[in-house]
Structures are given as C-alpha cells and as structure tokens.
Colleague: 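Dropping a structure here in structure tokens format, bear with me for questions.
All chains are named by letter (A, B, ...) in the order of the sequence lines, taking the proteins before the strands, and each is independently numbered beginning at 1.
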Amino acid sequence: MKIEPRLSRGLRDLLPQAAMARRQLIGKVRAVYENYGFSPLETPAVEYLDILSGSAGEEAQQSIFRVVNPEEEALGLRFDLTVPLSRVVSRYAQIELPFRRYQLAQVWRADKPQPGRFRQFTQFDIDSVGAPSEIADTEILAVICDALDAVEAGPYKVKFSSRKILDLLLRYAGIGEDLAADVFRVLDKLDKLGLEKVKKELTAGYEDESGAPVRGLGLASAQVSKIEDFLSITGDTRGEVLKTLGGEFRDVAGSGEQLAAVESISSHLDTLGYRSDRVMLDLGIARGLAYYTGPVFEAVLLDAPQFGSVFGGGRYDDLVSRFGGPPVPATGASLGVDRLLAALEHLGKVSQRKTTAQVFVSTMDRALMSEYLQIAFELRRAGIRTEINVGRPKKLGKQLQRADRLEIPYVLIMGADEAARGMVTVKEMEVGRARSSGIAGHEQWKAARFGQQEIPRAALVETLQRLLERPAA
RNA sequence: GCCGACGUAGCUCAGUAGGUUAGAGCGCCUGAUUGUGGAUCAGGAGGUCGAUGGUUCAAAUCCAUCCGUCGGUACCA
C-alpha cells in the first residue's frame, strides 16, 4: 500500500533555501546574545506534563502535545523555553546565579495554524535568572534592539510597560485584583482589535463578524473611562509619558515607587543611546501571559506590522519558585524566529541562496576522475565550499544546468585538452546569465563561452579565493 | 474550539442541469546540440479528481462523514 508523504497539520519542512536563510538569521542573533556574555543551554523537547502545565490554566493544557512513552508516563512537548529554564535553575544547585543563558529550540503548541504561525516553531530566548536588578531588564531591552539591528530588520519599535503599572491602573480604576488577568488579557488585544472592541469586551461583550459571541468582563462605565484615560496617555518620549502618568496616578498608593523603577530603566537606556524613537514606553502593552510580574516587552517591525510582535518578554519573579525554594527573580525575552523570518522575507531581506556550494567541479572525462576529485578536495581543504558532480556522469550541458539552477557561482571545466596543458577552465556563471537575453541562436550562445578563463592548475586555489572574495554579484 | 468558503498533475487553474480514454499554461524528463547553463523546436512522463461510505445502469460532478487548506473569531500559558 502506498503511503502518502504527508505531514500532520501545522508542521512543515524547511527545504535548503529556507533552512539556510534561517541559519543565517540565527547566527547573527546568536552573535549578539554572546556579545552580552550569555551562554547556551539545551534541554529535552519532552518534559513531564505537570512541569509544563503547572504555570498554565486548564484550558491552556489543551494545546500541549502529549507524548507517549513505553512506561506510560504523563509527558508533553515543551510549549516555551521559560518553563524548562525554570526547571533547570531549580534542579541544579551548582548553577551560578544570576544564570545568563540563551536557548534556541523548537517548541510545540497544538493551536490552529495561521499564516506565519505553526504548531512547531522556533524560539530564541535570552534570560537572566536570579537577577532582581533593573539593570537586567535594561539589558534585555538593549539586546532586543541590537539583535534587530544585526539582522537588518529595518525600523522597529521596542515597546515596554510594566505589570506594576497595570496593577496601579487597577487601583486607579477601582477594579478588583481577581479580574486582573482577564483585564490584562483584553488590554493586550488593543493593537489588534482597536479601542472600541476592547471597551466592549471590558463591559458587556459583543458579537463578532462571524456571529460568535465575545464574553464581556462586566466592568462599569466609570471604570472603563478610567482605563481609557490611562490608554490615552502618550508622548514623544518615555520621560513625557512617565510625567503624565505620574500626575494621573498621584493619588494611587505605591505609584511613586513603581514608577521610579520604570524611570530607572528608561534613564539607563538614555545613557546607552537607546532613545525613545526605538524603545518606547507604551501603556497598551500587557502581554497575555499570567506569569509576568514586572516590566513587559514587545518589539514590532515598522515596515511589517502585520506580522505582530517578533520579540516578546518580561520579568517573571515567581515562576522559578514554583519548584520550591526561595524566590528567584528573572527577566528575559523570546524571539519568534519563524515570525521574524516571515517578516524579513516579506520585506525582501532574506537571502535567496539555494545551496552552500561556491564551486562546482564538473566531470567530463572518466579517465580524469581522480584529477577531478583531487581538485575538489584541494579546494575544500582551502575552505572553499565545493561540489563535485556525483550524479550519473551526464553531459557537460546537464552539469552546467545544475550549477545554473542552484546558482553556484563558479564551475570548473577540465577535459583532456586542458589537462594536457596543465590548465583548468573557470567559468563564472553570472556572466552568461546576464548576457543570455541578448543571444538569439543556440550556436552563438555555445560559442560565446561567457565568463570563462583558463587558469594554471597550480594557481587554481589562489585564483578562486580571490574571485570569491569579491563582493557578491 | 466555533462560524463560513474551498480541495482536479510539482505549481496556477479549466471541466458539474451525472454519460466514452479528465484538459490547458508553466514546471519536469529526453532529443535536435556525442565539451557549454539561457532562448527555440520536436517528443515524453506525471492525476485512484483530498479520503471513506452512500444514491445511481453510470459520480471529478449529487448526499453524508472525516481529513486538509483559506478567511473570521476564540486561545496564545
């Protein structure tokens, strides 16, 4: 019986072109993370279900992929990297705190797939665990900026706020703490839904376009108008926003202390040159996650806002102590690699390379096979990425066609003629590609031998190294 | 999860008041051109019409269920 080569929903393969673009992006971000002195961590994809679900509500558990093992343990695939990080910090007493780690890994959520959203996706997290200082939060905001600069994502906005500010808001608007999580979750949709729908969802609820009811939270109109006042606070700089906010919250208990903490982050950022044009205090940022306790972060690309936030994160001072022991304050951010990649691709900023090979060694004459191999390995030992024809010995035309389709820049041609003279023909494929449209007859095309030169075999490595160092055509 | 639309070749899509062997363009393969990628020309391969069940003398076409894709909504720990 034939087996369909299918994939379960929301899963996908990354063919070489996509995989190479991803690796390139990851390499740039990793360099930034390491520049801040963070070190890698790797953990298993599979965790015990109670470890995974402890932080999540019951509904959330629906989107955990269950794993079956022969011992029939209750296992699941990780849905983020923060929970495994907390487990690791709790498990190994020898870990030096603050633990500054980055982790690049696949995570799984059994949600409905959407464009740019899959059931298996990659996160690239950076966190400081055991770091109570607002310096740690400042660092995270800065590293987000540096990473977005490094991948040349174009203009972006890193937005931050604080759960502490939102707690003040609850007091300011006279909303009970029991509603906190629900209110934050609704506020988090502000960007996506707009003020009107958010207001409706805070009060009586409404019916969306498809006719599905959206449950309201039942807040009073006086409370909602307080929230509206709060959300309308904007300014050109973080300082302005803080000043207005301070005025608005002047009668709220504890506001001075909490706002000073945010102000401290802001002034550190100013000192370092991360100004309000790219790191903005945005009071609409809430983050859906329940475990955040302090500053929360998000980053969007201004040229591709439809892809949503590419970075998200915040401070979570209570998550680690879930595994027992004293409180371990922590802060960090997560890069949605797939989302960022999708956005960059949309912006035409992703490498289109189809293969890693820089040079293709064609094989024409069976008698010279050993020569071809030696040439290929000489190039490889010199660090030049080289493919030798390993397919059926086809005609030269077929081999050039392959090099052309894979966009391998250089092809080496050596028949008995060249070999006898101790020469090798180096063909630069781009030359012919550029001239192709001006050539009518095939005879003329063949005779032109575009981009070819004969190089002494002894000078081959050196010549190719020089050619490859030129700026890419 | 809920509501709706849609699933025909690798891709984009024709084809249904049920009726011989299901088509096109692009792509792919072979050759013209035994050492030159493009273009051109000639030939060729590739589909159990998403799956299963049903109605019928007869189903890509009608019905049911399932799966998948897309749009909206919920969720996003």
Colleague: For E428(A) and G37(B), give me the distance from atom CD to atom P, rounded to whole Å.
Modeller: 17 Å

Colleague: Could you measure between the two P atoms, the one in U8(B) and the one in U30(B), and give it in whole Å?
Modeller: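 That atom pair is separated by 28 Å.
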
Colleague: Any carboxylate oxygen within less than 4.0 angstrom of a Lys/Arg side-chain nitrogen, looking at R163(A) and D317(A)?
Modeller: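 Judged by the 4.0 Å cut-off on N to carboxylate O distance, R163(A) and D317(A) do not form a salt bridge.
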
Colleague: With a 4.0 Å cutoff (strictly under), does any side-chain N or O of H442(A) reach OP1 or OP2 of C41(B)?
Modeller: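 So the side chain of H442(A) is outside the cut-off, no N or O lying under 4.0 Å from OP1 or OP2 of C41(B).
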
Colleague: Got a salt bridge between R78(A) and E47(A), using NZ or NE/NH1/NH2 to carboxylate O under 4.0 Å?
Modeller: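 A salt bridge is absent here (no side-chain N lies under 4.0 Å from a carboxylate O).
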
Colleague: What's D417(A) touching, base or sugar-phosphate or nothing? Going by heavy atoms closer than 4.0 Å.
Modeller: base

Colleague: Using the C1' atom as the point on both nucleotides, what is the distance between U21(B) and G27(B), in whole Å?
Modeller: 25 Å

Colleague: For the pair F450(A) and W445(A), name the ring-plane relationship: parallel under 30°, tilted 30 to 60°, perpendicular over 60°.
Modeller: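 It falls in the tilted class, 30° to 60°.
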
Colleague: If you assign K427(A) and S8(A) each to the RNA chain B nucleotide with the nearest heavy atom, which residue ends up on the more 5' nucleotide?
Modeller: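 The answer here is K427(A).
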
Colleague: Can you tell me the distance, in whole Å, between the NZ atom of K189(A) and the P atom of G72(B)?
Modeller: 15 Å

Colleague: Regarding A440(A), tell me which of base, sugar-phosphate or nothing describes its non-hydrogen contacts under 4.0 Å with the strands shown.
Modeller: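 Here A440(A) touches the bases of the nucleic acid.
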
Colleague: Does R466(A) pair with E469(A) as a salt bridge, N-O distance under 4.0 Å?
Modeller: no

Colleague: For the side chain of L400(A), counting heavy atoms from C-beta on, which of C75(B), G38(B), G37(B) is nearest?
Modeller: G37(B)

Colleague: With P as the reference atom in both, quote the distance from A51(B) to A60(B) in angstrom, rounded to an integer.
Modeller: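 Looking at atom P only, A51(B) and A60(B) are 11 Å apart.
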
Colleague: What is the distance from NZ of K398(A) to C1' of C28(B), rounded to the nearest Å?
Modeller: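 Roughly 11 Å, once rounded to whole Å.
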
Colleague: Give me the distance, rounded to whole Å, that separates G25(B) from U40(B) when you measure between the P atoms they each carry.
Modeller: 14 Å

Colleague: Among V143(A), T331(A), I265(A), whose side chain to side chain contact (heavy atoms under 4.5 Å, CB included) with T138(A) holds?
Modeller: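 Passing option: I265(A).
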
Colleague: Counting the benzene-type ring for Trp, do Y291(A) and Y316(A) have ring centres under 6.0 Å apart?
Modeller: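 When the ring centroids of Y291(A) and Y316(A) are compared, they turn out to be within the sub-6.0 Å range.
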
Colleague: With respect to the side chain of R185(A), which nucleotide from C76(B), G38(B), G37(B) is positioned closest?
Modeller: C76(B)

Colleague: Which nucleotide in the set G35(B), U36(B), U30(B) lies at the smallest distance from any side-chain heavy atom of K395(A)?
Modeller: G35(B)

Colleague: Given the P atoms of C62(B) and G1(B), what is the spacing between them in whole Å?
Modeller: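 Pairwise P distance, C62(B) against G1(B), rounds to 27 Å.
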
Colleague: Just the rounded figure in Å: distance from P of C76(B) to CZ of R339(A).
Modeller: 14 Å

Colleague: Please determine if a side-chain N or O atom of Q399(A) lies less than 4.0 Å away from the OP1 or OP2 oxygen of U36(B).
Modeller: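 For Q399(A), the contact criterion (side-chain N or O under 4.0 Å from OP1 or OP2 of U36(B)) is not met.
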
Colleague: Rounded to whole angstroms, how far apart are CD1 on I439(A) and P on A39(B)?
Modeller: 13 Å

Colleague: What does R435(A) touch in the nucleic acid at a heavy-atom separation under 4.0 angstrom: a base, only the sugar-phosphate, or nothing?
Modeller: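 Nothing, no nucleic acid heavy atom in range.
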
Colleague: Rounding to a whole Å, what distance do you find between D111(A):CG and C75(B):C1'?
Modeller: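 So the two atoms are 7 Å apart, to the nearest Å.
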
Colleague: Find the partner of A24(B): check Watson-Crick (N1-N3 plus N6-O4 or O6-N4) and G-U wobble (N1-O2, O6-N3) distances, both under 3.5 Å, and reply none if neither fits.
Modeller: U12(B)

Colleague: Searching all strands shown, indicate the nucleotide that pairs with U30(B) (Watson-Crick or G-U wobble; both distances under 3.5 Å).
Modeller: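 Per the H-bond distance test, A42(B).
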
Colleague: For G43(B) versus A24(B), give the span between their P atoms, rounded off to a whole number of Å.
Modeller: 13 Å

Colleague: Output yes if the stacking criterion (under 5.5 Å between centres, under 30° between planes) is met for W445(A) over the base of G38(B), else no.
Modeller: yes

Colleague: With both distances kept under 3.5 Å, what pairs with U61(B), Watson-Crick or G-U wobble?
Modeller: none

Colleague: Rounded off to whole Å, could you give me the CH2-to-P distance for the W108(A) and C76(B) pair?
Modeller: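 The distance from CH2 of W108(A) to P of C76(B) comes to 22 Å, rounded to the nearest Å.
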
Colleague: Does R185(A) come within less than 4.0 Å of D182(A), counting only side-chain N to carboxylate O?
Modeller: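 Yes, charged N to carboxylate O under 4.0 Å.
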
Colleague: Of the options A74(B), C76(B), G37(B), whose atoms approach the side-chain atoms of R109(A) most closely?
Modeller: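 Minimum distance to the R109(A) side chain belongs to C76(B).
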
Colleague: For atom P, what is the distance between A17(B) and C63(B), given to the nearest Å?
Modeller: 14 Å

Colleague: If pairing requires Watson-Crick or G-U wobble contacts with both distances under 3.5 Å, which nucleotide is the partner of A74(B)?
Modeller: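 Its partner: none found.
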
Colleague: When all nucleic acid strands are considered with a 4.0 Å heavy-atom cut-off, which category describes E418(A): base, sugar-phosphate, or nothing?
Modeller: base

Colleague: Between R449(A) (CZ) and G37(B) (P), how many Å, whole number?
Modeller: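 In whole Å, G37(B) P lies 10 Å from R449(A) CZ.
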
Colleague: Would you indicate what R9(A) reaches in the nucleic acid, counting non-hydrogen atoms under 4.0 angstrom: base, sugar-phosphate, or nothing?
Modeller: sugar-phosphate

Colleague: My understanding is that a pair needs two contacts under 3.5 Å, Watson-Crick or G-U wobble. By that rule, which nucleotide pairs with C6(B)?
Modeller: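 Partner of C6(B): G68(B).
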
Colleague: Determine the interatomic distance between C1' on G53(B) and the same-named atom on U48(B); round to the nearest Å.
Modeller: 16 Å

Colleague: Hey, does G415(A) reach any base, or is it just sugar-phosphate, or nothing, if we go heavy atoms under 4.0 Å?
Modeller: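 G415(A): base contact, heavy atoms under 4.0 Å.
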
Colleague: Can you tell me which nucleotide in G31(B), G35(B), G37(B) comes closest to the side chain of M364(A)?
Modeller: G35(B)

Colleague: Parallel, tilted or perpendicular, judged at 30° and 60°: which one describes the rings of Y33(A) and F124(A)?
Modeller: perpendicular

Colleague: Mind checking Q452(A) for me? I need base, sugar-phosphate or nothing, with any heavy atom below 4.0 Å counting as a touch.
Modeller: base

